[in-house]
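Encoded as structure tokens, the structure appears first; notes follow it.
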Amino acid sequence: MKEKTKTNFALVIRAKIEEDMLAGTYAPGEALDELVLAERYGVSRTPIREAIQLLEVQGLAYRVPRGGAFVAKLSSKDLLALLELLAYQEGLCAMLAARRMAPEALPLLREIVDRCDVAATQGDVEAYARENMAFHELLYASCRNEFLTREVTILRKRSQLYRRNNFHQSGRMTESAADHRRILEAIEKQDEMAAFRAAVDHIAVAGRSFAEFLMTLPDEFIADTNRAASLPSEET
């Protein structure tokens with residue numbers, strides 16, 4: 001029972017650190033100092049150490065021998081590979097949702113898409129980010145494949161370290177909202193391939209779009225090939 005309590009505590013701390021990572025408190029490549037984190041979260045170093053190990057399993061952190069732990073930092077090649085895989089997993093979620101979405105979930109998806117349109121029109125980045133998350137979470141749930149949902153959620157969190165300021169770019173919210181509308185329309189028609197293509201296109205990674213995205217990132221966010229944290233080959 002004592003070990004279970006310790007594990008649960010580490011999970012709580014991991015969730016707090018992860019939430020701060022995704023909010024931008026910790027940037028890619030930033031050191032995760034156990035003493036600093038223990039003081040910040042008001043705990044001992046033991047749950048901090050365990051929480052960091054859990055983040056390593058997720059691919060959100062990596063450890064350098066005798067150098068400590070750091071927030072995941074990717075090379076441009078690895079970042080492109082991650083976004084490419086995310087795009088196709090999103091497409092598969094949308095395709096399966098077009099086939100399997102529960103009737104009561106469709107009106108909710110419409111409401112979310114409408115709220116995305118409003119937030120984009122008003123230029124409300126915080127509201128848009130919130131509705132965007134709701135859209136994707138409902139899409140994942142509606143594919144009714146727990147393995148796929150878990151994997152796409154992990155990849156989305158990893159990419160979020162780099163994409164959290166995406167909606168501040170001029171025209172990006174409007175473009176994203178239009179993508180959501182196309183995905184919704186395909187799901188309404190139960191057009192699986194149209195839903196797949198619309199969701200893949202929603203994650204822009206090809207050619208100029210990726211180059212432009214890369215140019216918006218601070219230099220320190222991108223690792224050289226030798227120092228990049230590798231993608232986890234297996235999730236436990």
Contact summary for [X] and [Y], nearest pair of heavy atoms:
| X | Y | answer |
| --- | --- | --- |
| Phe70 | Ala31 | CD2-CA, 3.5 Å |
| Gln190 | Ala98 | CG-O, 3.5 Å |
| Arg144 | Met101 | NH2-C, 4.2 Å |
| Ile112 | Glu131 | CG2-O, 3.4 Å |
| Arg100 | Asn145 | NH1-CB, 4.3 Å |
| Val200 | Ala87 | CG2-O, 3.5 Å |

Output yes when a side-chain donor or acceptor of Arg63 lies under 3.5 Å from a complementary backbone atom of Glu56, and no otherwise.
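Not at all, since once roles are kept as given, no pair shorter than 3.5 Å links the two residues.
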Do Thr149 side-chain atoms and Tyr140 backbone N/O form a donor-acceptor pair below 3.5 Å?
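Side chain of Thr149 to backbone of Tyr140, a donor-acceptor pair under 3.5 Å: yes, one is there.
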Taking the side chain as everything from C-beta on, heavy atoms only, tell me whether [X] gets closer than 4.5 Å to [Y].
| X | Y | result |
| --- | --- | --- |
| Leu82 | Leu155 | yes |
| Cys93 | Leu148 | yes |
| Leu161 | Leu74 | no |
| Leu37 | Asp33 | no |

Hydrophobic cluster membership, [X] vs [Y], 4.5 Å side-chain cutoff:
| X | Y | value |
| --- | --- | --- |
| Ile183 | Phe167 | no |
| Met133 | Leu138 | no |
| Ile52 | Val36 | no |
| Met173 | Val113 | no |

Could you walk me through whether Ile13 and Leu54 pass side-chain contact (heavy atoms from CB on, under 4.5 Å), step by step?
CA-CA 10 Å; Ile13 298 301; Leu54 293 171; over 6 Å; no
Determine, for Asp191 against Arg99, whether the closest basic-nitrogen to carboxylate-oxygen distance falls under 4.0 angstrom.
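Salt bridge between Asp191 and Arg99, a charged N being under 4.0 Å from a carboxylate O: no.
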Arg182 and Glu185 ion-paired at < 4.0 Å:
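A salt bridge is absent here (no side-chain N lies under 4.0 Å from a carboxylate O).
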Find the distance between [atom1] ([X]) and [atom2] ([Y]) and round it off to the nearest 0.5 Å.
| X | Y | atom1 | atom2 | answer |
| --- | --- | --- | --- | --- |
| Glu90 | Met95 | CD | CE | 13.5 Å |
| Leu60 | Glu18 | CG | CD | 5.5 Å |
| Arg158 | Leu83 | CZ | CG | 11.0 Å |
| Asp201 | Glu175 | CG | CD | 10.5 Å |
| Leu86 | Leu79 | CG | CG | 10.5 Å |
| Thr174 | Asp179 | OG1 | CG | 11.0 Å |

Assess whether side-chain contact (heavy atoms from CB on, under 4.5 Å) is satisfied between Arg156 and Gln89, documenting all intermediate values.
CA-CA 10 Å; Arg156 191 166 188 85; Gln89 287 191 343; over 6 Å; no
Evaluate the criterion side-chain contact (heavy atoms from CB on, under 4.5 Å) for residue pair Thr25 and Arg40; output intermediate values, then yes/no.
CA-CA 12 Å; Thr25 302; Arg40 179 172 292 169; 4.1 Å; yes
Option passing side-chain contact (heavy atoms from CB on, under 4.5 Å) with Arg14 (candidates Glu19, Gln53, Gln58)
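Only one option passes, and that is Gln58.
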So if I apply the side-chain contact (heavy atoms from CB on, under 4.5 Å) rule between Tyr128 and each of Asn132, Asp124, Val125, which one comes out positive?
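In the set Asn132, Asp124, Val125, the residue that makes a side-chain contact (heavy atoms from CB on, under 4.5 Å) with Tyr128 is Asn132.
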Go through Lys73 and Tyr162 one step at a time and tell me if the side-chain contact (heavy atoms from CB on, under 4.5 Å) criterion holds.
CA-CA 9 Å; Lys73 184 177 182 179; Tyr162 291 87; 4.2 Å; yes
Can you say whether the rings of Phe135 and His180 are parallel (under 30°), tilted (30 to 60°) or perpendicular (over 60°)?
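Parallel: the ring planes of Phe135 and His180 meet at under 30°.
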For Glu188, does the CD atom have more than 12 heavy-atom neighbours from other residues, nucleotides or ligands under 6.0 Å away?
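Correct, the count exceeds 12.
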